[in-house]
Amino acid sequence: ASLPGGSDCSVAFVSHVVGKACVHGRQKEILGVLVPQLTELTRSDCIWQRICWRLVEGVPDRWMEAVLLGFVQSASGADALSRLLGNVVVKNKKAQFVMTQKLLLLQYGYTTAVLQNVLGYLSLDNLRRALLIKVLQELLETWGSSSAVRHSPVEQQQYISKAILICLSHLKEPEIESCRQELLTNMMAGVKCHLDSSLPQIRRLGMIVAESLSVKINTDGPVLKFQYEEDDETRELKSLLVRAPPGRDVPSPPHDRNERADAALPGELEGAEKPQTAAQVVPDEESDAELDSDDELVPYDMSEDKELKSTKAPVYIRDCIEVLTTSDDVDKWNATIKALEGLIRKNPAATREVSVELAKILLHVEEKSCIEGFAVLRQKAQVAVLTTDPIPVAQFLTSQFYSLNYSLRQRMDILDVLVLAAQEMSSKFCGKNKQSNAQKPCIQLLPESDSSKDWRKVVDERIKSKTRRFAKGRSQAEPDSGPNEFNSVAGHFFFPLLQNFDRPLSTFDLLGEDHFVLGRLVHTLAILMYLAANAAAVTPMGKVLLEFVWALRFHIDSYVRQGLLSCISSILLSVPAAHLLEDVAELLVETRCWLADVVEKDPDGDCRRLALQNLLLMENLKKKLETAPS
Amino acid sequence: MALPPPDPEFVLRGTNAAVHTLHFSCGGQEPDFPILFSGQNGFVHVWNLKTRRVNTALDGHGRKSVYWVETMGAKDRLLSQGRDQRICLWDLTEGRTSVMDSVFTENVGFCRCSLLKVAQGRWLLAMAAKSLEEVQVLELPSKTSVCTLKPEVGAKLGMPMCLKLWQLDSGSRPWLLAGYEDGSVILWNLSMGKVSSQLVCHQEPVMSLDFDSEKAKGISGSSEKVLSIWSLNEQQNLQVHKTHELINSGISDITIRSDKKILATAGWDHRIRIFGWKKLKPLAVLDYHTSTVHCVSFSDHRNPSERLLAAGSKDHRISVWSIYAQT
């Protein structure tokens with residue numbers, strides 16, 4: 001749009017047009033043309049800048065939000081935004097509210113680029129920097145609030161974390177100094193809430209933000225360092241801490257772009273060539289030497305070449321017990337731990353004689369020396385004992401689950417062992433490879449999300465297979481099956497776990513603080529229920545589990561809720577439909593209403609998905625019963 | 001993806017005793033008679049590699065262990081060294097099995113002799129002598145003493161553990177490399193009977209060594225985990241070139257193949273390791289034996305593709321491998 005220079009004209013009309021267009025949802029169209037041109041024009045021309053500012057400031061308040069959001073999304077960078085908007089955020093109350101509150105705290109659907117734009121914009125002018133600090137403080141308050149951590153969706157928490165990191169990247173030393181104490185307080189409070197959460201993503205977010213905060217706050221002292229798994233998400237988050245070089249505009253008008261690109265290329269090429277030639281000189285020397293080495297002699301695989309073991313492990317189970325309880329010889333102890341699982345499996349009769357004692361020892365044995373995979377070895381041995389002599393050992397383990405003086409880790413180990421043993425015993429029945437997925441020991445704190453993902457995969461598979469089978473009939477040949485050993489002992493695994501969940505002990509309160517263990521317990525019950533598909537006790541198990549779920553359905557921890565929904569899936573899949581309708585028809589109907597509620601209102605995405613699946617399962621069940629001959 | 005290591009071509013059984021030493025004789029005039037000599041308790045077995053059975057058993061050491069065998073020229077002249085303090089020369093032509101001559105070494109140690117052909121019909125034999133630290137060099141077949149190599153007083157080298165006579169090319173001066181109990185390797189100048197250079201290669205006794213005269217580079221193994229590679233510079237001084245750490249300690253024998261491309265080590269951890277000689281690149285770990293491998297030996301086949309590697313072990317077996325024979 002051309003404008004005669006020099007004359008004082010009013011852009012009020014244009015502001016109105018833009019405003020109205022944006023409010024009607026046409027931001028992309030109108031701003032898609034306007035913004036790039038304005039970006040260009042305002043690059044060096046102050047007059048155009050002022051015109052643009054007047055344009056934006058002239059937009060009526062009721063349309064301001066739409067216009068600003070449009071600008072923020074279509075601007076090419078923070079400094080472009082700065083040129084376009086000027087200090088409207090300082091001058092206009094509505095603009096301030098939109099940019100500092102609404103965009104950051106109330107909405108969370110925007111991309112990281114938008115966040116970069118907004119926060120970068122705030123940082124580019126001294127007048128606006130005060131707002132930046134205010135924004136950081138508010139973000140941190142939200143980040144650190146325990147109710148927000150517990151109730152807001154993961155995506156929103158990620159958004160806020162990103163915003164915090166970007167703010168940190170823009171703030172300078174003296175500014176951080178001025179509010180250091182508050183930042184520190186908020187950080188400590190926030191870290192605690194995050195680490196308390198049962199969801200691993202939340203914990204990780206908390207860890208990354210806290211680490212970043214600590215680096216900025218304690219520039220000379222020791223910084224906070226957490227251990228977590230690195231993946232794309234963490235790397236992306238950490239990269240936000242490094243400020244992108246300013247003035248990195250993407251030139252949009254075509255002729256400009258070519259010129260700029262041409263100018264950029266030779267510079268880049270030069271720069272790139274030099275290090276390359278330097279780097280090439282060195283490998284040449286090396287490769288010369290390499291060439292006449294024994295290249296023609298191809299090595300064989302030498303991965304089996306390991307240290308020769310000198311101590312032999314005991315050959316009898318009772319000897320193993322003796323070594324584990326009394327021996328001081330570290331080598332022998334190591335060798336015993338490594339050999340134990342194999343020995344247990346090879347000597348079932350001998351194991352059965354001492355099964356409970358062995359289970360007790362394994363539950364209490366602690367790592368004496370640093371052997372690799374101690375936890376794995378111990379768990380495998382425990383699983384072996386449990387599968388060899390299921391009933392007494394299951395009774396022992398489940399009773400210990402609710403006993404005094406065990407650590408949370410030990411209680412969760414008990415649950416893991418029960419699940420793994422159940423899967424192993426029913427594996428011939430289930431056949432497929434989900435066995436191998438779950439067989440990987442769940443030692444780290446993270447696998448609960450994994451197991452629930454596997455879980456979902458399995459349930460998905462089952463749903464699909466069920467619906468297909470209904471239409472086409474049994475087209476797949478049944479895999480070879482052996483007797484399902486789990487069926488006869490399913491009850492022994494399952495019922496004792498439900499006995500005392502509402503009776504708090506002095507060191508263990510499932511319904512109170514220890515909701516993480518409750519979550520694990522619920523997931524365990526879901527898996528056990530699923531594996532008991534053909535057990536004789538499946539119907540009473542289903543009934544009891546359904547009532548248990550009903551009692552806990554409003555639990556605040558989303559991990560627990562995910563587990564409860566998995567339980568429902570298992571019940572629907574395992575218990576024969578006819579029995580369900582016979583015994584718990586009313587509870588089923590009520591459950592269905594609850595599920596519909598969860599689908600609509602639960603803040604956690606996984607819960608909603610699981611609830612939807614359950615509703616589908618229920619539909620299928622209904623259809624099946626309606627069409628089946630009575 | 002690296003291939004798994006090969007299995008032995010075949011395994012010779014029937015020694016009923018730990019095998020201490022091996023020597024091939026396959027490069028001779030008769031291609032149909034590849035022979036492997038093995039020394040055990042009391043006997044030297046002559047194996048026919050075509051039929052893979054023992055042709056003859058030589059009983060010449062009063063049932064004491066034979067710990068070194070080597071042919072002197074042709075396959076019908078064999079030297080064997082036993083713990084009865086004797087070195088016997090056997091005449092094996094046309095099926096005979098008689099001891100032609102013997103040398104009484106008066107040495108009760110385990111040091112294997114070293115044989116070097118210096119001229120037509122003349123050999124030098126280095127062996128540990130009666131006195132604890134001495135090495136004696138004899139000329140064969142005359143059995144005259146060429147020199148006695150005594151380390152200086154107070155050197156505290158201990159017993160000589162392994163010997164290697166070598167010369168740069170036929171007709172030039174012969175040298176002797178000796179590895180001692182204290183872990184050092186000494187280069188002896190035979191014409192002067194003096195130490196030319198001494199190098200401490202190991203912290204433990206040197207169990208075995210081998211030397212490549214073309215490259216002036218040698219390798220030694222000991223009872224610890226380290227293989228030491230050393231070289232000889234122009235001033236005939238020994239310098240450590242590099243070391244290689246093994247996974248398990250203990251090497252009984254090292255031998256470099258005649259084409260100087262690979263070398264084999266016999267380990268106390270029951271394994272035979274193959275390395276490239278140029279850069280000591282680990283090439284293979286041959287895991288067959290169930291007890292210490294006492295000796296390894298490469299064959300002298302004229303046809304490269306027929307070349308074999310044999311290893312004798314305490315588990316009474318001799319494993320024969322065909323490895324890197326194509327290069």
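Lettering of chains follows the sequences in order, A, B, ..., and the numbering in each one begins at 1.
- Under 3.5 Å, the side chains of H301(B) and S299(B) contain a donor-acceptor pair of N or O atoms.
- Atom CD of E70(B) sits about 8.5 Å away from atom OG of S297(B), to the nearest 0.5 Å.
- Of all residues spanning residues 201-225 of chain B, none has a heavy atom less than 4.5 Å away from chain A's heavy atoms.
- Using a 4.0 Å cut-off between charged side-chain N and carboxylate O, E424(A) and R345(A) make a salt bridge.
- Between H20(B) and H294(B), the ring planes are tilted. Angles from 30° to 60° get that label.
- Remark: R318(A) does not engage E322(A) in a salt bridge, criterion side-chain N to carboxylate O under 4.0 Å.
- No side-chain N or O of E353(A) forms a donor-acceptor pair with one of T351(A) less than 3.5 Å apart.
- Heavy atoms closer than 4.5 Å to chain A are found nowhere in I274(B), neither backbone nor side chain.
- In this model, no donor atom of one side chain and acceptor atom of the other lie less than 3.5 Å apart for S313(B) and H270(B).
- Proximity to chain A among residues 237-250 of chain B is limited to I247(B), N248(B), judged by heavy-atom separations below 4.5 angstrom.
- Remark: side-chain polar atoms of R112(B) are paired, donor with acceptor, to backbone N or O of Y67(B) under 3.5 angstrom.
- A salt bridge between R409(A) and D413(A) is present, with a side-chain N of the basic residue lying under 4.0 Å from a carboxylate O of the acidic one.
- Between the side chains of S291(B) and D315(B), no donor-acceptor pair of N or O atoms lies under 3.5 Å.
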